[in-house]
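Here is how names work: the chains are called A, B, and so on, in the same order as the sequence lines, proteins then strands, and each is numbered from 1. Bear in mind the structure is a predicted one, so any value in this text is a computation, not a measurement.
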Protein chains: 2
Amino acid sequence: MASTPRADALASQRIVAGLRAQILAGDLEPGARIRQEDLAERFGASRLPVREALRLLEAEGLVRLVANTGAWVARLSLTECTEAYLIRERLEPLLLAESIPSLSEPAVSELDRLADAMEFADLETFLVLDRQFHMLSFSGAASESLAAQVRRLWNTTQHYRRAFAILVDIQHSHLTHHEHHLMVDAISRRDPQDAEALQALHIRRTRKALVEHPELFDVA
Amino acid sequence: MASTPRADALASQRIVAGLRAQILAGDLEPGARIRQEDLAERFGASRLPVREALRLLEAEGLVRLVANTGAWVARLSLTECTEAYLIRERLEPLLLAESIPSLSEPAVSELDRLADAMEFADLETFLVLDRQFHMLSFSGAASESLAAQVRRLWNTTQHYRRAFAILVDIQHSHLTHHEHHLMVDAISRRDPQDAEALQALHIRRTRKALVEHPELFDVA
DNA sequence: TACGACTCGATTGGATCCAATAACAAGATG
DNA sequence: CATCTTGTTATTGGATCCAATCGAGTCGTA
């Protein structure tokens with residue numbers, strides 16, 4: 001069997017995945033310098049696939065490249081982050097509405113469980129569960145490119161979402177959990193309209209809160 | 001002056017721009033094979049920047065890559081094209097609304113002129129003017145990543161928009177021109193709500209018409 | 001002392017060469 | 001005669017080497 005052309009057979013794909021994971025995990029903060037040779041050594045490859053990987057991650061918005069100079073983990077301004085949230089506010093309701101009719105009952109139960117679990121999780125666990133919750137809620141949608149675009153937006157804003165979560169002690173801010181529970185209800189009732197409205201509200205409220213903390217975007 | 005790190009100083013960027021232009025112009029149709037060596041020779045470079053360029057264009061959605069096998073101009077299914085239009089239906093109204101307050105009066109006049117000119121243009125000219133019209137209507141917006149995303153969506157669907165325009169003889173279908181004139185009116189009145197509604201209508205109507213012609217997506 | 005030019009080092013960009021993979025075709029065998 | 005196998009060839013993926021560019025540090029001068 002097999003012979004499915006494994007994507008990670010290509011060195012550049014392995015490096016893209018690895019570096020992306022490091023950035024999302026917070027090991028590499030925005031502004032951190034990335035040297036091609038370091039990456040090459042770390043992944044046991046030459047600099048050639050590293051260069052391709054960096055170009056790809058730049059297209060994803062996770063890396064900033066300057067010709068003949070170098071690469072850095074991408075930094076977002078408050079304006080750019082707000083822009084990402086405005087886009088999410090339009091796209092995620094669409095994706096959720098498409099997903100709802102196809103979500104299995106077990107999936108809905110799992111959403112309910114995740115919404116509960118998030119209330120008593122520590123910060124890093126909360127961030128993981130929150131992402132799981134929303135991605136699972138989208139998982140019924142067949143629109144692959146829309147889903148990919150939404151994932152990209154989550155990725156590019158990941159660092160600032162973490163910083164914001166720490167700042168406002170988000171696990172203990174009840175509003176977020178209220179919204180999650182209401183979304184589970186709308187989804188379990190298979191009501192795309194309510195779900196869309198809640199999803200938009202969820203993102204919009206966070207965006208407005210974010211604007212109240214411009215210090216998150218100060219360069220260190 | 002200068003010293004602005006010219007993007008096209010990099011060979012890969014030159015190749016990306018050149019190949020993209022060829023695909024958008026229709027010189028290369030979806031499904032056409034792309035050989036690295038041909039491109040390298042055509043652009044007077046080695047295969048190395050060609051490979052990077054192909055990876056980038058794959059990220060843009062214009063090229064389809066298969067590991068160890070080759071590259072083809074990306075082909076869209078009716079479903080994928082519909083998906084692109086659904087995304088545009090959400091994003092372009094947002095972009096237009098942001099743009100409107102910043103559009104200069106001369107720009108609005110130019111929009112009016114373009115809407116007129118389109119009515120008496122041949123097909124290829126229509127396609128060019130139509131793109132100019134909409135991009136100009138977005139030009140007041142500062143959201144660069146949103147604008148880039150919209151441009152990507154236009155690019156990936158370009159071939160099918162041309163094929164559709166030929167099929168329905170779009171220069172002579174009055175509905176399109178009516179919508180354009182109504183949009184110019186809403187913009188000149190600086191009415192973001194009406195403009196958003198019209199922009200969404202414009203895209204939605206085209207999407208529904210597209211579904212009536214699945215033969216556009218048959219593999220030759 | 002402060003500013004500017006210059007040199008040196010480090011890092012990236014590009015070209016050539018080699019290895020690996022996959023498609024294609026011819027031949028053998030049931 | 002069809003089908004599977006095998007060998008050949010063309011094309012892509014990767015590594016090493018060389019050139020170009022940018023940044024930092026130093027020296028000189030106003």
Side-chain angles (χ1 to χ4, degrees), chain A residues 1-20 22-23 28 30-60 62-75 219-220, chain B residues 1-20 22-23 28 30-60 62-75 219-220:
Chain A
M1 56 148 280
S3 105
T4 305
R6 290 294 309 275
D8 58 334
L10 280 74
S12 51
Q13 295 301 323
R14 275 201 350 259
I15 298 171
V16 164
L19 190 54
R20 185 196 291 130
Q22 282 206 337
I23 295 175
L28 270 56
R33 177 66 185 272
I34 304 172
R35 279 190 305 279
Q36 296 186 355
E37 235 163 329
D38 288 1
L39 281 183
E41 187 183 5
R42 184 133 45 92
F43 289 94
S46 90
R47 270 180 40 222
L48 197 147
V50 170
R51 279 168 55 181
E52 289 181 352
L54 290 176
R55 291 264 154 69
L56 288 172
L57 287 168
E58 188 194 25
E60 272 188 43
L62 282 176
V63 163
R64 168 125 192 109
L65 278 180
V66 178
N68 289 315
T69 304
W72 291 263
V73 177
R75 194 194 295 281
V219 279
Chain B
M1 55 149 280
S3 104
T4 305
R6 292 294 307 275
D8 58 333
L10 282 73
S12 50
Q13 295 301 323
R14 276 200 352 256
I15 299 172
V16 163
L19 190 54
R20 185 197 291 128
Q22 283 206 337
I23 294 175
L28 270 57
R33 176 66 185 270
I34 304 172
R35 278 191 305 280
Q36 296 186 356
E37 235 164 330
D38 288 1
L39 281 184
E41 188 183 5
R42 185 136 42 92
F43 288 94
S46 90
R47 272 180 37 223
L48 198 148
V50 170
R51 279 167 56 181
E52 288 181 354
L54 290 176
R55 291 263 155 69
L56 288 172
L57 287 169
E58 188 195 24
E60 272 189 43
L62 282 176
V63 163
R64 168 123 191 112
L65 278 179
V66 178
N68 287 316
T69 305
W72 290 264
V73 177
R75 194 193 295 281
V219 279

Using atom [atom1] of [X] as one end and atom [atom2] of [N] as the other, report the distance to the nearest whole Å.
X	N	atom1	atom2	answer
B/Trp72	D/dT11	CH2	C1'	10 Å
A/Asn68	C/dT12	CG	P	10 Å
B/Leu10	D/dA19	CG	C1'	15 Å

Residues in contact with DNA chain C, drawn from residues 44-56 of chain A - heavy-atom cutoff 4.0 Å: A/Arg47, A/Arg51, A/Arg55
Heavy-atom pair of closest approach, residues [X] and [Y]:
X	Y	value
B/Ile34	B/Trp72	CD1-C, 4.0 Å
B/Leu48	A/Arg51	CD2-NH2, 3.2 Å
A/Glu60	A/Val16	OE2-CG1, 4.1 Å
B/Ala74	B/Pro30	O-CB, 3.4 Å
A/Ile15	A/Ala53	CG2-CB, 3.6 Å

Residue-level proximity of residues 30-43 of chain B to DNA chain D when a heavy atom falls under 4.0 Å: B/Arg33, B/Ile34, B/Arg35, B/Gln36
Test item: A/Val63 and A/Ile23 side chains (from C-beta on) under 4.5 Å apart, heavy atoms: yes
A/Leu56 vs A/Gln13, side chain to side chain contact (heavy atoms under 4.5 Å, CB included): CA-CA, chis, key distance, verdict: CA-CA 9 Å; A/Leu56 288 172; A/Gln13 295 301 323; 4.0 Å; yes
Backbone of B/Arg55 reached by a side-chain donor or acceptor of A/Arg55 within 3.5 Å: no
